[in-house]
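First listed ligand is number 1; within each ligand, the first listed atom is number 1.
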Amino acid sequence: MLTAGAASLLAACGGAGGASGTGNGGGGSSSSSSSTSSSSSSVADLPDPATAPALKTHFAPKFKIGMSVDPWRLEDPLVKPTLLKHANSLTAESVMKAEPIGVSAAVYNFTEADKLIAFAQANGMEVRGHALVWHRAAPSWFFAGDPSQPGYKATVQARLETYVTDVVTHFKGKVSAWDVVNEAVSDDPSSNYRNSQWYQIFGPEYLVIAFKAARAADPAVPLILNEYMTEQPEKRARFLAVLDAAIAAGAPIDGVGHQLHINSNWPSVPDVRAALQAVEARGLVNHITELDVSLYTTDAATCYGSPPTGCQAALVQGTPAYANALKSQALQYRAMFSLFSEHASVKSVTMWGVADNHTWLSNDPVPRLNHPLLFDTDAKPKSAFWAVVDPAFVP
Ligand code: XIL
C-alpha cells in the first residue's frame, strides 16, 4: 500500500504513462507562473536576503548546485541573478528533450539548447543533459512504420542509435552528464519496466542500445539512468532490477539520477538514504536531478487520474495552513540537504526550477498554488533556504 504521498507522486513525473510531449516548442513556457501579488514567503520574519550565502559556494566541494531553466526564462529579471549567484549547474527544463531537438530522422533543431549552453559557458556553469530517451517528448517519427513488417525493429533501432549518437556528439565536451534514459520503470508492481513504446518494440534492450550509443559518441561524459520515486521501497526494488539487468547486458551506466519530486511530509530520510546507498553499493554515483518539495501532502492517487479527483484543496497565502506548509517544507529541505551532504557519492543537486514564480507544479497534477522551491515568487530566499544553509535557523 502506498502512502498518500507516494501515491500522489506516482504520476507526477509521467507515471500516468501518457505519450504527450512537453508542450514547449521552444517559444514559451507551459508551466504558468503563480499569479500572486505578495511574495510566497513571509520575508519580514526572515534574515536579510543580502546576507544569503551562495548555495554553490556553501555546498562546494561536496556537490554542484543545479537549477532547471529554459533559455526564454532567462528573460525573467528574477531568474538570471538567482542563477548567477547560486547555481553552478543547469538543466534544460524542456529544450534538450527529443521532441524539440529531433525535428525528423537525422534533422535537428539545436537553437534553443545551444542558447542555454552558451549562457552556461559564459558564466562558468555546467549543463546536465536531459534527456535522450523518454516515453514522453518522444517524437512520432521514431516509431513510424508498420510494426508487423520484418525490418521494423531494425529501422527503429537505427533511428534511436542515430539520434543518440548525433545529439551526444553535438554536445560533446559541453555537458557534464547525460540522463540517457528517463523513467524506464513501471509504477505497476506487475512489471519492472514501464510499458512504453520503446519497451514494446525492444523489451529491456532499448536501454542497452541507448547507453552504448551514448558511450560510443562521447566516452568521457557520465551516463545516468534517471528515475522518480527511487526512494519508495517497492518502486526502488523494480528500479534496481532494471538497473542491474541493463548493466548485466552491457549498458555503460555510471550513475543514477533521483528526480526527488517530493513533498513536505514524504519521503522519510531513511527511504532516501536507502536509495543513495543502493546506488553506492553498485559503485555508481548519485545525482539529485529534479528536487522540489510540494506543499501538498494529502493528494489521493486519483488526483493523477483523468479527470483528477481527490486532490488536496489549494492552499491560500496568508492562512495558517499555508504558513504551516512552508514550515514543514523548510524542515524537509533541511533534512534532504543534510542527507546529501553525508554522501560523497552525491555529485549534483538540481532543483526543478529557480524560484516559486515558475514551477511545473503550478499545473501538475492540477492548477493550484504551489511554492515548491527555495526562493519565493520574488526570488527571495524562503524559510526553506535558510533552513538548508543555517542549522541554527528555526523555520
Ligand atoms: C516537465 C517540465 O517541467 C514541464 O515544463 C514539461 O511540460 C513536462 O516536463 N520529470 C522529468 C522532467 O524528467 O523532464 C519533467 O519536466 C518533470 C518530471
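Side-chain contact check for Ile288 versus Met336: every heavy-atom pair is 4.5 Å or farther apart. Looking at Lys97 and His130, their side chains come closer than 4.5 Å, going by heavy atoms from C-beta outward.
Hydrophobic side-chain contacts under 4.5 Å tie Val107 into a cluster, directly or through other members, with Val103.
When only interatomic distances are considered, the shortest N/O to N/O separation between Trp134 and ligand 1 does not fall below 3.5 Å. Checking only distances, His130 does come within under 3.5 Å of ligand 1, N or O to N or O.
Near Trp360, meaning under 4.0 Å from one of its heavy atoms, ligand 1 places the atoms 3 (O), 17 (C), 18 (C). Close approach of ligand 1 to Asn182 is summarised as follows: ligand atoms under 4.0 Å from at least one heavy atom of the residue are 11 (C), 13 (O). Those atoms of ligand 1 that come under 4.0 Å of a heavy atom in His261, given as number and element, are 18 (C).
For atom 9 (O) of ligand 1, the nearest non-hydrogen atom from the set Arg136, Glu290, Lys97 comes from Lys97.
Checked against the 6.0 Å centroid criterion, the rings of Tyr206 and Tyr199 do not qualify as a close aromatic pair.
Assignment of Trp352 to the shell around ligand 1 is supported, since a heavy atom sits closer than 4.0 Å.
A salt bridge links Glu205 with Lys153: at least one charged nitrogen is closer than 4.0 Å to a carboxylate oxygen.
Ring geometry for Phe142 against Tyr163 counts as perpendicular: the plane angle is over 60°, on a 0 to 90° scale with 30° as the lower cut.
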